[in-house]
Amino acid sequence: MKRLISAVLSFSILISSVAFGAEQKEKELDIKTLDFDTAVQMAIDNDSSLKKIADQIDLTLETRDDLFDGGVYPTTRDPSLVVVSAQRLAYLSTINSLDSSYRISKITDEVTRIGVQAAIKNSFSTILLNQSRLELLQKNYNLQKQLLSQAKIKNQVGMMSKKDLQDLERQTQQMLEQIRQLKMNIDNAYIALNDLIGTSAEDRYEIIYDVQYTPLTMDMTIDTYISRKLSIDQSLQMQQIAVQNAEFSAKTVSLGTTSSDYKKTDLEATNAARDYKTAKEEKEKSIRQAYIQLQQLESARKNLETDLEKAKSDLEKVKVNLQVGNVTQITLDQAELALDNLEQSFLENTFNHDLLMFTFDNTCVLGSAS
């Protein structure tokens, strides 16, 4: 589960691989498109950790059913302690362990499924963003080649220095290398997604993923929101179980329990409570940070909207000037690319906002504050 959560803590979208325990892949993907819900179900079906969790739940329930309850005897020395025989203590400890194992398995299953959704979102976004970047970079490269061709002519007639020409040639070569690197990034992202859903690494398909931008709206204060999320956060629930287990060990003793043993288990219970308190504080910080990041993304989007309108207006002006011969075709190409770049920024903003909204709502896969 820790590997799963670590795969979705980053919100930069450009995560090239996802760590999931997948069984050997023998099936081939015979589809040409892949949508989000299908990918999530394929990943869940393929995830071996979920199969193990289900088996553990079954075993826990079967074992627990084989046991039966009995009486406990309160001590007169410390009303908070429950004193039983050594045999009875071992029996009760087994009961408590099985109950905890069942509860943790159920929570782990839920967290894993949420993590699968976050990982699919991340993989889909990575592939689609890189494909869009590649298309944009290819347009820039084509324009760069035209500028380079003009520069060579200018150099021949003495209108451009050799150094400036060499700089432009170097920039063009660098752009070509960026295209090559981006293609490899797309291949790596597909390999990671195919590993997640349990298909061949070579499979390629069209991803169907329509993300609609939805700004954050809250009918409560952020403090109230955090309080509610902390009360239902699955990762914190598992730490609560650890606290309960430690308290059980400290408060349930046998007649043969020594003072040293009691002090040790009592300290473990204290430390478990401290760890839980620290985890809650860290989770609160993470939720607040995510809230701020969402606001920053939404603020940046408003600026992008203003820039986009200006770019559209500038493009229309260039088209008019091109018709009357005031500018060249390259000027028009540059104006169109400026608009394309802003639309790319819009797409990245949308995908990043969508993933962050998902983790803000499902705080169990929200990382600790740095």
Side-chain angles (χ1 to χ4, degrees), residues 1-6 49 52-112 114-115 223 226-287 363-369:
M1 187 189 66
K2 291 181 179 178
R3 294 172 62 201
L4 170 66
I5 294 177
S6 67
S49 66
K52 292 177 181 177
I53 292 169
D55 291 342
Q56 180 62 50
I57 289 174
D58 290 341
L59 177 61
T60 300
L61 291 175
E62 291 170 3
T63 305
R64 190 173 63 175
D65 289 342
D66 291 337
L67 300 174
F68 58 89
D69 291 329
V72 295
Y73 304 91
T75 176
T76 57
R77 292 176 298 175
D78 184 349
S80 68
L81 294 180
V82 176
V83 181
V84 295
S85 66
Q87 182 180 8
R88 184 63 183 166
L89 177 60
Y91 176 79
L92 291 176
S93 296
T94 300
I95 289 286
N96 183 73
S97 177
L98 288 170
D99 181 66
S100 297
S101 177
Y102 171 76
R103 292 161 62 196
I104 289 175
S105 294
K106 295 291 288 185
I107 295 172
T108 302
D109 180 88
E110 185 178 353
V111 172
T112 302
I114 293 172
D223 290 330
I226 290 173
S227 178
R228 292 185 181 182
K229 285 299 180 182
L230 292 180
S231 67
I232 61 174
D233 183 277
Q234 295 92 334
S235 61
L236 292 178
Q237 287 176 357
M238 283 190 281
Q239 288 208 252
Q240 279 183 308
I241 294 174
V243 172
Q244 292 165 2
N245 287 341
E247 290 177 344
F248 172 85
S249 297
K251 297 301 181 183
T252 308
V253 299
S254 71
L255 295 174
T257 300
T258 66
S259 176
S260 176
D261 291 335
Y262 172 75
K263 289 179 180 178
K264 180 181 178 182
T265 55
D266 187 57
L267 177 59
E268 289 173 350
T270 300
N271 287 336
R274 288 169 177 163
D275 292 341
Y276 174 64
K277 181 176 181 294
T278 299
K280 283 186 67 175
E281 292 170 349
E282 288 298 309
K283 184 67 70 173
E284 178 179 350
K285 292 177 185 177
S286 295
I287 297 173
T363 57
C364 63
V365 289
L366 190 61
S368 297

Exercise. Is there a side-chain contact between I107 and I241 (heavy atoms, below 4.5 Å)?
Worked result: yes

For this session: Could you tell me whether a side-chain N or O of T94 sits under 3.5 Å from a main-chain N or O of A90, the two making a donor and an acceptor?
Result: yes

Seminar exercise, completed: d(K251 NZ, Y262 OH) to nearest 0.5 Å is 4.0 Å

Problem set entry | Residues K277 and E281 bridged, charged N to O under 4.0 Å | yes

Seminar exercise, completed: residues 257-276 vs salt bridge (Lys or Arg N to Asp or Glu O under 4.0 Å), sequence neighbours excluded, gives none

Exercise. Would a distance-only check, ignoring hydrogens and angles, find a side-chain to backbone donor-acceptor pair under 3.5 Å from S227 to D223?
Worked result: no

For this session: Measure the shortest side-chain to side-chain distance between Q234 and I114 over non-hydrogen atoms and say whether it is less than 4.5 angstrom.
Result: yes

Exercise. Between atom CD1 of I95 and atom OG of S100, what is the distance when rounded to the nearest 0.5 Å?
Worked result: 11.0 Å

Problem set entry | Main-chain N/O of S93 paired to S97 side chain as donor or acceptor, under 3.5 Å | no

Exercise. Say you draw a straight line from CD of Q240 to OG of S235; how long is it, rounded to the nearest 0.5 Å?
Worked result: 10.0 Å

Exercise. How about T108 and M238: do any of their side-chain heavy atoms sit closer than 4.5 Å?
Worked result: yes

For this session: Give the minimum heavy-atom separation between A250 and A269, together with the two atoms involved.
Result: CB-CB, 4.1 Å

Exercise. How many angstroms lie between CD in E247 and OG1 in T252, if you round to the nearest 0.5 Å?
Worked result: 10.5 Å

For this session: Could you pull out the closest heavy-atom pair between A246 and A272, with the gap in Å?
Result: CB-CB, 3.9 Å

Exercise. Would you say the side-chain atoms of K283 pair up with the backbone N or O of L366, donor to acceptor, closer than 3.5 Å?
Worked result: yes

Exercise. Between the side chain of K280 and the main-chain N/O of L236, is any donor-acceptor distance below 3.5 Å?
Worked result: no

Seminar exercise, completed: Of all heavy-atom pairs linking F248 and L92, the shortest is CZ-O, 3.7 Å

For this session: Not counting sequence neighbours, which residues clear side-chain hydrogen bond (donor to acceptor under 3.5 Å, both in side chains) with Q244? List them please.
Result: R103

Seminar exercise, completed: Rounding to 0.5 Å, atoms CD1 (I226) and OG (S286) come to a distance of 10.0 Å

